[in-house]
J.: 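Got a structure for you, questions after.
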Amino acid sequence: MGLPDSSQDLSTEMEVDAFRRIFPLRFFERHLSESLRPDARPLGKARDTIVNPGLVSTADGSALAKIGSTTMLAAIRMEVMTPSTDSPDEGCIALEFHMPPICSPTVRPGRPADAAPVISKRLSDTILSSGMIDLKELCLVSGKAAWMGYLDIYCLNADGALFDAALLSAVAAFSNLEIPVVALNDNGRIVAISGGKDEDNASIIEKKAVNKEKRKLTLKNIPFSLTCILHKKYILADPTTEEESIMDTLVTVVLDSSDQMVSLYKSGGTVLAYSSAVKSCVELARKRAKELKQILGEMDID
């Protein structure tokens, strides 16, 4: 009985790989015609997703989110600020999205990624417009002191659907967030409490405590998103970088935890977003939101 011809198998693999590199669109379309993708996923299925909260010990809240190979690390640092005169009873959230060169070979050292400011703006708009965070809950003393939350999201590996993974990491980080304990010192300033004393090592009088123990934020209308590719008659959920690069019509649907539409983005592309295609994307986003709720629940951060 003869042994399998391993050299022939290797030759076949090399030919397939060469065809994929030279004719990527034709390679993908051969799979799409069978309602499958090269990674064996059905067209409407997202990649495996993992959320790990509390990985950054120096942050007040943090989480790592991984969708397939796309990996995001979000960290929140809380600082006391003077609220604006227009919103004396509200705190503020400042968000920045980072794409260091380590995340992708297309990001060059010394040159910021073009996608970073776009994603940062969309994330900020989504988090604020969804109503997930009640900014009044960040108020300490009306007109005098409120919390400023600095949210930094770092893309550790960029392999498609960056907005979805970044938003998931942000939601998980806010779920993990613990508001620090602060009090009024003798000078009337808000200071952090450490071991029963403020940062100036002065004793804290119980009645001066603004909040006596660390507390969680009350999150409402949590936003979840799903990015899809529209290509001819096909709709692909949760695309990889390779898929995004050869099929450039992207639609991102953001729904809140009550299945209400928060936003819909269409990023370029030659395919028109017909109503039937949009409805299909929204339905896929609803299914995806249920999956993400379950994942967050399993991680004990919902």
J.: Just by distance, with hydrogens left out, do Thr70 and Asp159 show a side-chain donor and acceptor under 3.5 Å apart?
T.: no

J.: Would you please say whether a donor-acceptor pair under 3.5 Å links the side chains of Glu29 and His231?
T.: yes

J.: Under a 4.5 Å cut-off applied to non-hydrogen side-chain atoms, are Leu217 and Trp147 in contact?
T.: no

J.: Kindly write out the residues that satisfy side-chain hydrogen bond (donor to acceptor under 3.5 Å, both in side chains) with Ser62, not counting sequence neighbours, or none if the list is empty.
T.: none

J.: Is the side chain of Arg41 donor-acceptor paired with the backbone N or O of Pro38 at a distance under 3.5 Å, no angle test?
T.: no

J.: So does Leu43 get a backbone contact from the side chain of Arg37, meaning a donor-acceptor N/O pair under 3.5 Å?
T.: yes

J.: In terms of hydrophobic clusters joined by side-chain contacts under 4.5 Å, are Ile153 and Ile295 together?
T.: yes

J.: Would a distance-only check, ignoring hydrogens and angles, find a side-chain to backbone donor-acceptor pair under 3.5 Å from Ser104 to Thr106?
T.: yes

J.: Same cluster for Met81 and Leu95 if Ile/Leu/Val/Met/Phe/Trp/Tyr side chains link at under 4.5 Å?
T.: no

J.: Side-chain atoms of residues 160-171: list all donor-acceptor pairs with protein atoms under 3.5 Å, sequence neighbours left out, distances to 0.1 Å.
T.:
from: Asp164; atom 1: OD1; to: Ser225; atom 2: OG; distance (Å): 2.7
from: Asp164; atom 1: OD1; to: Thr227; atom 2: OG1; distance (Å): 3.1
from: Asp164; atom 1: OD2; to: Thr227; atom 2: N; distance (Å): 2.7
from: Asp164; atom 1: OD2; to: Thr227; atom 2: OG1; distance (Å): 3.2
from: Ser169; atom 1: OG; to: Ala166; atom 2: O; distance (Å): 2.7

J.: By the rule that ILVMFWY residues connect when side-chain heavy atoms come within less than 4.5 angstrom, directly or transitively, which residues belong alongside Leu55?
T.: Val56, Leu64, Leu73, Tyr154, Leu156

J.: Main chain of Lys121, side chain of Ser124: is a donor-acceptor contact present, judged purely on distance under 3.5 Å?
T.: no

